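Along the sequence shown, the residues carry numbers beginning at 1. These values consider heavy atoms only, across backbone and side chains, with no hydrogens, waters or symmetry-generated copies. If you're wondering where the values come from, they're calculated on a predicted model, not measured in any experiment.
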Amino acid sequence: MPALGLTDLANVFGMIKFYRAARDAGVKPILGCDVWIANAKDREKPSRLLLLCQSRTGYLRLSELLSRAYRFNQWRGRAEIDPAWLDEGATEGLICLSGGPFGDVGQPLLNDNEEQARRNALHWCGLFPNRFYLEVQRTGDPRVDALARRTLRFASREALPAVATHPVQFMRAEDFRAHEARVCIAQGYVLGDSRRPKAFTPQQYFKTQAEMAELFAD
């Protein structure tokens with residue numbers, strides 16, 4: 001791949017190592033972060049966006065937003081960006097992706113509420129003019145894959161651009177069981193417990209450029 005964006009959730013702690021490793025390998029590093037967006041109506045249900053740095057200005061704005069979230073707007077350990085901060089013109093130099101199944105466009109589409117999805121998408125388009133994209137993923141999870149189909153139809157009707165991403169959780173396909181064991185340890189379950197929540201799929205390994213091209217050939 002000529003370029004790579006690899007993002008953490010709510011922090012950029014791995015950014016320096018990622019930047020140096022990518023540059024050393026001749027790959028252009030794209031800096032960014034999956035961020036929590038606070039929900040004033042229900043603090044237990046924040047949404048997500050993926051912010052990518054388009055320029056040095058965008059990097060500085062992202063750093064400011066994350067620092068502000070950690071200092072002034074944590075909720076149950078989550079550093080959340082207050083959407084009002086984005087209304088203050090703090091989006092220059094940032095590209096915004098909709099957050100896939102965790103965003104406030106994807107969630108209404110999952111719940112057959114296209115009108116709410118449209119209102120939310122237009123809101124983000126206004127804050128990120130010509131820099132807002134609908135994010136689609138195909139992970140092997142039936143709901144996520146169905147959402148990709150709905151999102152692409154929605155993007156076509158609303159004349160919005162779409163971009164494919166992949167939620168990488170482990171490096172190789174054979175690492176899935178080890179990853180599940182780590183999740184079980186963190187959540188207090190055992191692998192054999194049929195009642196444990198299963199939030200990840202075996203497809204969430206680091207796919208090659210060719211694998212991503214095949215997955216999104218349409």
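Of the possible donor and acceptor atoms, one in the side chain of Q74 sits under 3.5 Å from a partner among the backbone N and O of Y70. A donor-acceptor distance shorter than 3.5 angstrom exists from the side chain of T91 to the backbone of L127, with no hydrogens or angles considered. H166 places a side-chain N or O within donor-acceptor distance of the main-chain N or O of Y205, the cut-off being under 3.5 Å. Remark: the backbone N or O of Q169 is not paired with any side-chain donor or acceptor of Q204 at under 3.5 angstrom. A side-chain donor-acceptor contact under 3.5 Å links S67 to the backbone of S63. For the pair R196 (side chain) and C184 (backbone), a donor-acceptor distance under 3.5 Å is absent. A side-chain donor-acceptor contact under 3.5 Å links S98 to the backbone of E135.
Within 6.0 Å of CZ in R157 there are more than 12 heavy atoms belonging to other residues, nucleotides or ligands. Other residues, nucleotides and ligands place more than 12 heavy atoms under 6.0 Å from the CD atom of E88. N130 CG: 12 or fewer foreign heavy atoms inside a 6.0 Å radius.
Between the side chains of Q137 and T165, at least one donor-acceptor pair of N or O atoms lies under 3.5 Å. One side chain, W124 or D104, offers a donor N or O that lies under 3.5 Å from an acceptor on the other. Side-chain contact annotation: Y59 with E64, donor-acceptor N/O pair under 3.5 Å absent. With 3.5 Å as the limit, one finds a donor-acceptor pair spanning the side chains of T7 and D34.
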- [ ] Assess whether side chain to side chain contact (heavy atoms under 4.5 Å, CB included) is satisfied between F18 and L31, documenting all intermediate values.
- [x] CA-CA 9 Å; F18 164 60; L31 306 180; 4.2 Å; yes
Open item on the list: Set out, in order, the CA-CA distance, both residues' side-chain angles and the distance that settles side chain to side chain contact (heavy atoms under 4.5 Å, CB included) for L65 and L94, then state yes or no.
Closed with: CA-CA 11 Å; L65 288 166; L94 290 171; 4.2 Å; yes
TODO: Would you please test R150 and E114 for salt bridge (Lys or Arg N to Asp or Glu O under 4.0 Å) and show each step?
DONE: CA-CA 10 Å; R150 293 183 187 181; E114 191 165 308; over 6 Å; no
TODO: Using the side chain to side chain contact (heavy atoms under 4.5 Å, CB included) rule, take E180 and L191 through it: C-alpha gap first, then chi angles, then the decisive distance, then the call.
DONE: CA-CA 7 Å; E180 287 293 274; L191 275 171; 3.8 Å; yes
Open item on the list: What verdict does the side chain to side chain contact (heavy atoms under 4.5 Å, CB included) test give for I95 and L97, after you've listed the backbone C-alpha separation in whole Å, the side-chain angles of each residue and the deciding distance to 0.1 Å?
Closed with: CA-CA 7 Å; I95 294 171; L97 277 57; 3.9 Å; yes
- [ ] For the pair E44 and R76, evaluate salt bridge (Lys or Arg N to Asp or Glu O under 4.0 Å) and give the outcome as yes or no after the intermediate values.
- [x] CA-CA 9 Å; E44 300 300 333; R76 299 196 185 281; 2.7 Å; yes
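With F102 as the aromatic partner, R48 meets the cation-pi criteria of under 6.0 angstrom to the ring centre and within 45 degrees of the ring axis.
Residues V144 and V168 fall into different hydrophobic clusters, defined by Ile, Leu, Val, Met, Phe, Trp and Tyr side chains chained together at heavy-atom separations under 4.5 Å. Note on F13: it does not cluster hydrophobically with V35, by side-chain heavy-atom contacts below 4.5 Å among ILVMFWY residues. Residues L66 and L86 are members of one and the same hydrophobic cluster, defined by side-chain heavy-atom contacts under 4.5 angstrom among Ile, Leu, Val, Met, Phe, Trp and Tyr. I81 and V12 fall within a single hydrophobic cluster, where Ile, Leu, Val, Met, Phe, Trp and Tyr side chains are chained together by heavy-atom contacts under 4.5 Å. Under the 4.5 Å side-chain heavy-atom criterion for Ile, Leu, Val, Met, Phe, Trp and Tyr, V163 and F206 are members of distinct hydrophobic clusters.
Atom NE2 of H123 sits about 10.0 Å away from atom CZ of F132, to the nearest 0.5 Å. The NZ atom of K45 sits 8.5 Å away from atom CG of N39, with the distance rounded to the nearest 0.5 Å. In this structure, L109 CG and R153 CZ are separated by 9.5 Å, a value rounded to the nearest 0.5 Å. Annotation: the span from I30 atom CD1 to Q54 atom CD amounts to 11.0 Å, rounded to 0.5 Å. Rounding to the nearest 0.5 angstrom, the gap separating the CZ atom in R182 from the CG atom in D175 is 11.5 Å. Rounding to the nearest 0.5 Å places CG of L49 at 11.5 Å from CH2 of W36.
Closest heavy-atom contact between C33 and L9: SG-C, 4.5 Å. Nearest approach of Q116 to N113, heavy atoms of both residues: N-OD1, 3.1 Å. When all heavy atoms of A148 and V136 are compared, the pair lying nearest together is O-CG1, 4.1 Å. Residues T139 and P167 come closest through the heavy atom pair CG2-CG, 3.5 Å. Looking at every heavy atom in both residues, G103 comes nearest to P108 through O-CD, 4.3 Å. Taking every heavy atom of both residues into account, D145 and R138 meet most closely at OD1-CA, 3.2 Å.
Every pair passing side chain to side chain donor-acceptor pair (under 3.5 Å) that includes a residue from residues 10-26 is listed here, sequence neighbours excluded: Y19-R23.
The aromatic rings of F200 and H179 lie perpendicular to each other, with more than 60° between the two planes, well past the 30° mark.
Side chains of E80 and R43 form a contact here, defined as non-hydrogen atoms less than 4.5 Å apart. Side-chain contact between F176 and Q203 is absent, with no heavy atoms from C-beta onward closer than 4.5 Å. Residues L51 and C96 are in side-chain contact: their nearest non-hydrogen atoms beyond the backbone lie under 4.5 Å apart. The side-chain heavy atoms of K207 and L215, taken from C-beta on, include a pair separated by under 4.5 Å. At least one side-chain heavy atom of Q187 sits under 4.5 Å from a side-chain heavy atom of P197.
With salt bridges taken as basic N to acidic carboxylate O contacts below 4.0 Å, none links R143 and D141.
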